[in-house]
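What follows is a set of notes on a single structure, which appears directly below.
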Amino acid sequence: MVATNTRAFAKQVYEKSKKLFAEAFMDLRAFNSNDRHLLEKIPEEDKSGEIKTSMLGLIWDTQEDTIVLTVQPWTQKICTKRTILSFIA
């Protein structure tokens, strides 16, 4: 995941990343962005094509530009450091 301030820099990051991985004989693909103009400049075979993308265990909605975090409800009766740490682990 990379955040940039401009489309030009984002395109540059994409191109440099593709080149770097190609030098290691790896195919970097499944790019996604919340910027539709940037996605138009990326070849179809490199796009993820998904509106909702799983990223580091979280769901990123590229249309709404939101990250969804799902948390299970608290079921413990006693609130201690141990139960809180166990819950968030």
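Side-chain atoms are counted along with the backbone in the values below, which use heavy atoms only and exclude waters and symmetry mates. Sequential numbering from 1 along the given sequence is applied to the chain's residues.
Open room surrounds CG on Asn5; 12 or fewer heavy atoms of other groups in view lie less than 6.0 Å from it. Other residues, nucleotides and ligands contribute at most 12 non-hydrogen atoms within 6.0 Å of the CZ atom of Phe9.
Comment: Lys19 does not engage Glu15 in a salt bridge, judged by the lack of any side-chain N to carboxylate O separation of less than 4.0 angstrom.
In this structure the side chain of Asp65 reaches within 4.5 angstrom of the side chain of Trp60, judged on heavy atoms.
Proximity of a side-chain donor or acceptor of Lys41 to a complementary backbone N or O of Lys11 within less than 3.5 Å is not detected. Remark: side-chain polar atoms of Thr83 are paired, donor with acceptor, to backbone N or O of Ile78 under 3.5 angstrom. For Lys52 (side chain) and Ile59 (main-chain N/O), no donor-acceptor pair under 3.5 Å exists by modelled atom type. Judged by distance alone, with hydrogens and angles left aside, the side-chain atoms of Ser86 form no donor-acceptor pair with the main-chain N or O of Arg82 at under 3.5 Å.
The ring pair (Phe, Tyr, Trp, His ring centres under 6.0 Å) analysis of residues 11-58, with sequence neighbours excluded, yields the pairs Tyr14-Phe31.
The minimum heavy-atom distance linking Leu39 with Ser33 is given by the pair CD1-O, 3.6 Å. A pairwise comparison of heavy atoms in Cys79 and Ile84 identifies SG-CD1, 3.5 Å as the closest pair. Nearest heavy-atom pair across Leu28 and Lys18 is O-NZ, 2.8 Å.
Linking Ile, Leu, Val, Met, Phe, Trp and Tyr whenever their side-chain heavy atoms come within less than 4.5 Å leaves Met26 and Leu20 in two separate clusters. Linking ILVMFWY side-chain heavy atoms closer than 4.5 Å, directly or via other members, places Ile51 and Leu56 in two distinct hydrophobic clusters. Ile67 and Val2 end up in different hydrophobic clusters when Ile, Leu, Val, Met, Phe, Trp and Tyr side chains are linked at under 4.5 Å.
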Original post:
What's the verdict on side-chain contact (heavy atoms from CB on, under 4.5 Å) for Thr62 and Arg36, showing C-alpha distance, side-chain angles and the deciding distance?
Top reply: CA-CA 9 Å; Thr62 59; Arg36 297 294 155 227; 3.2 Å; yes
